[in-house]
Each structure stands twice: as structure tokens, then as C-alpha cells.
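All values below come from the heavy atoms of this structure, side chains included, with hydrogens, waters and symmetry mates left out. In each ligand, atom 1 is the first atom listed, and ligand 1 is the first ligand listed. A quick note: this is a predicted structure, and the numbers were derived from the prediction, not measured.
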Amino acid sequence: MDENNELILAMVRYYAGDPKRINHFLKVNAFGKIIASKEKVDSRMYNIIDVATITHDIGIKVSEEKYGSSAGKYQELEGPAIAKDMLSKLEYDEGLIERTMYLIGHHHTYDNITGLDYQILVEADFLVNIYEDGMSKEAINSVRSKIFKTDTGKKLLDSMFDIKEEK
Ligand SMILES: [Fe+2]
């Protein structure tokens, strides 16, 4: 329990002065853990989802500094190496670091979602981004049918945004 507290604190320090980003990853982390738990993933996958949701946008700072853009492709490019450095310092095991790097490097890529951990990270991020970006009902419905797969993710989406399931 709470084994990722040090990682959360490291991310808060990393995003110092940027409470919006800090709020963002904490919300994605909370949704990710709820979905993971309700979808009954094993403890290993749960921890990967926990770590990946905390760190998923870690590339955003360097993307803005280097390219003047927070576009997904730059984040995917820059994020994994920064996460590797942080996670290694906190002594996470190599397998977990590898998978987290993969997930960070693909979390804005939706055409080949491989694995339930990847799926849950994407759903959790959408649950927060839909609200933060003020997406239209139409756009939400499209995301629901194209991206969302887990029952828990769909239920959260439907309740939060008052979506009536369409077929
Ligand atoms: Fe995000």
C-alpha cells in the first residue's frame, strides 16, 4: 500500500510550480487504479498501471522546452528516457521500468492498443482530458465507441458526462 508515494512526490517536484499538471496526473492515477481494480488485473499489472498513470505525461516539460510544443508525439519521444531515470533512481525493477517506458511512449497512439494496462491508461487519461479540454458530446460519443473497451471505464464515462449509450 502507498508504495508509490515517493514516485508521486518526485513527480510533484518535477512539475514544481505547475499545479495543473500535478492535478492532472493525480486524477489520471485515481481513475486508472479504480478501473484496474474493478477489472481485476493482477497485482503486477496494477502496479504498472499505478506507475504509468503517475508518470505518463513526464515528457511534456522537455517537449515544451525543446520543441515549444506539448504535442503527443513529442511527449512520446521524450518521456520514456526521463521516466527511466526517475524510476531507476527509485529502484523500480527493470521489467516494470521497460513496460512503463513503452506505455509512456505510446499513450497518445490509439490504433494499436496492446495489453489491458495500455487500454486502462488511455481510458483514464481520456476521462480526465475530456473534462479538462471541454470536449463536445459528439466528440465524447466518438471516443466512447472508438477507444473505450473496459466496462468500468465506460461506466465512469457515461456517469460523469451523462452519456446515453448509443448503438
Ligand atoms: Fe495525460
In one Ile/Leu/Val/Met/Phe/Trp/Tyr side-chain cluster, 4.5 Å: Y74, Y15 = no
In D57, the N, O or S atom nearest to the Fe ion (ligand 1) is which?
-> OD2
Looking only at heavy atoms, what is the nearest atom pair of H107 and E76, with distance?
-> N-OE2, 3.4 Å
The Fe ion (ligand 1) reached by H56 (N, O or S, under 2.8 Å) | yes
Does the side chain of Y118 come within less than 4.5 Å of R99's, by heavy atoms?
-> yes
Report yes if the distance between the aromatic ring centroids of F25 and Y14 is under 6.0 Å, otherwise no.
-> no
Calculate the angle formed at the Fe ion (ligand 1) by NE2 in H24 and OD1 in D125; 10° precision is enough.
-> 90°
